[in-house]
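The structure appears right after this line, and notes come after that.
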Amino acid sequence: MPKQAADTVIVLDFETTGLSPDNGDRAIEIGAVLIQNGEVVDSFQRLMNPGRRVNSFIENYTGISNAMLKDADGCAQVMAEFCDFIGDYNLVAHNASFDRRFLDAELAIIDRQYGGDFACSMLIARRLYQQAPNHKLGGLVEYKNLPTEGVFHRALADAEMTARLWLQMLEDIAMEYDKTDLTFRQVQKLAKIPKAGVASFLQKL
DNA sequence: TGCCAGGCCCTCTTTAGGGCCTT
């Protein structure tokens, strides 16, 4: 696995009560891994009590039950600890706009901030793997034959899979374009490149 | 009561609509 500057990131994933913090949805689990030099060197996983019951769809979708959340620490305490964990590292998530909304909403409640920037593994995968049958996290993991623990829709498991996908994308760029020293900003910028211009963009770096 | 996200991206587009992704 090539060592690259872009490797030093936090890959995170939220499980939540629904799709929109603007509609009152809250985080119920956060999972994250720290990648440095192409390897996972640290991780963070906590359930958090959102202060109300989660519906049966979420229980079934995530496997996180109300019983599991009953004695969990509240969002404020967990998110404060998570904010310490992420520090000012750059961040990666699959469909990052979703996780960013919840991270921003939960940290706003406790008046905390972070200094890193987000990259979206889904938008980048849409550029790099244009032939993939879909760009769901599970679909991309299958498409690239990445190892899994067989657990889906739990925060740490999904963060670990996203991390493997992220590293795979860096490796594929390194192999195909001989670019082994990409910065986070360069990889992040891929998400904004028109699909037809991806190869040209990477070749010119 | 009824409704309920938001950003990206494609196209039979741009005075818009709908699918993909995330829970």
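We use all heavy atoms of the structure for the numbers below, so side chains are in, but hydrogens, waters and symmetry mates are not. So that the names make sense, note that chain A is the first sequence line, chain B the second, and so on, each numbered from 1.
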task = For A/N134, report the nucleic acid contact type (base, sugar-phosphate, nothing); a contact means any heavy atom under 4.0 Å.
result = sugar-phosphate

inquiry  = Would you measure the distance from the P atom in B/dT1 across to the matching atom in B/dG6 and give it in whole Å?
reply    = 25 Å

query = Touch check for A/A96, heavy atoms < 4.0 angstrom, all strands: base, sugar-phosphate only, or nothing?
reply = nothing

query = Checking all strands, does A/I28 fall into the base, sugar-phosphate, or nothing category for heavy-atom contacts under 4.0 angstrom?
reply = nothing

task = Can you tell me, in whole Å, how much space there is between the C1' of B/dC10 and that of B/dT14?
result = 13 Å

request  = Check every strand shown and say whether A/T17 touches a base, only sugar-phosphate, or nothing at a heavy-atom separation below 4.0 Å.
outcome  = nothing

ask   = For A/H135 and B/dC20, is the shortest distance between a side-chain N/O and OP1 or OP2 below 4.0 Å?
value = no

key: Distance, P atom - from B/dC3 to B/dC8, rounded to whole angstrom   = 28 Å

task = Respond yes when some side-chain nitrogen or oxygen of A/H153 is under 4.0 Å from OP1 or OP2 of B/dT23, and no when none is.
result = yes

d(CE, A/M161; P, B/dC21) in whole Å = 15 Å

message = Within the 4.0 Å heavy-atom criterion, would you say A/D13 contacts the bases, only the backbone, or no part of the nucleic acid?
response = sugar-phosphate

request  = Over 60° means perpendicular and under 30° means parallel, so classify the ring planes of A/F82 and A/F85, tilted if in between.
outcome  = parallel

message = Between A/L202 and A/L128, is there a side-chain heavy-atom distance shorter than 4.5 Å?
response = yes

inquiry  = Are the side chains of A/I10 and A/F44 in contact, using a 4.5 Å heavy-atom criterion?
reply    = no

ask   = If we ignore angles and hydrogens, is there a donor and acceptor under 3.5 Å between the side chains of A/D25 and A/T17?
value = yes

ask   = So what does A/F57 touch, heavy atoms closer than 4.0 Å: a base, only the sugar-phosphate, or nothing?
value = base

message = For a quick check of understanding: with a heavy-atom distance under 4.0 Å over all strands, which category does A/N60 fall into, base, sugar-phosphate or nothing?
response = nothing

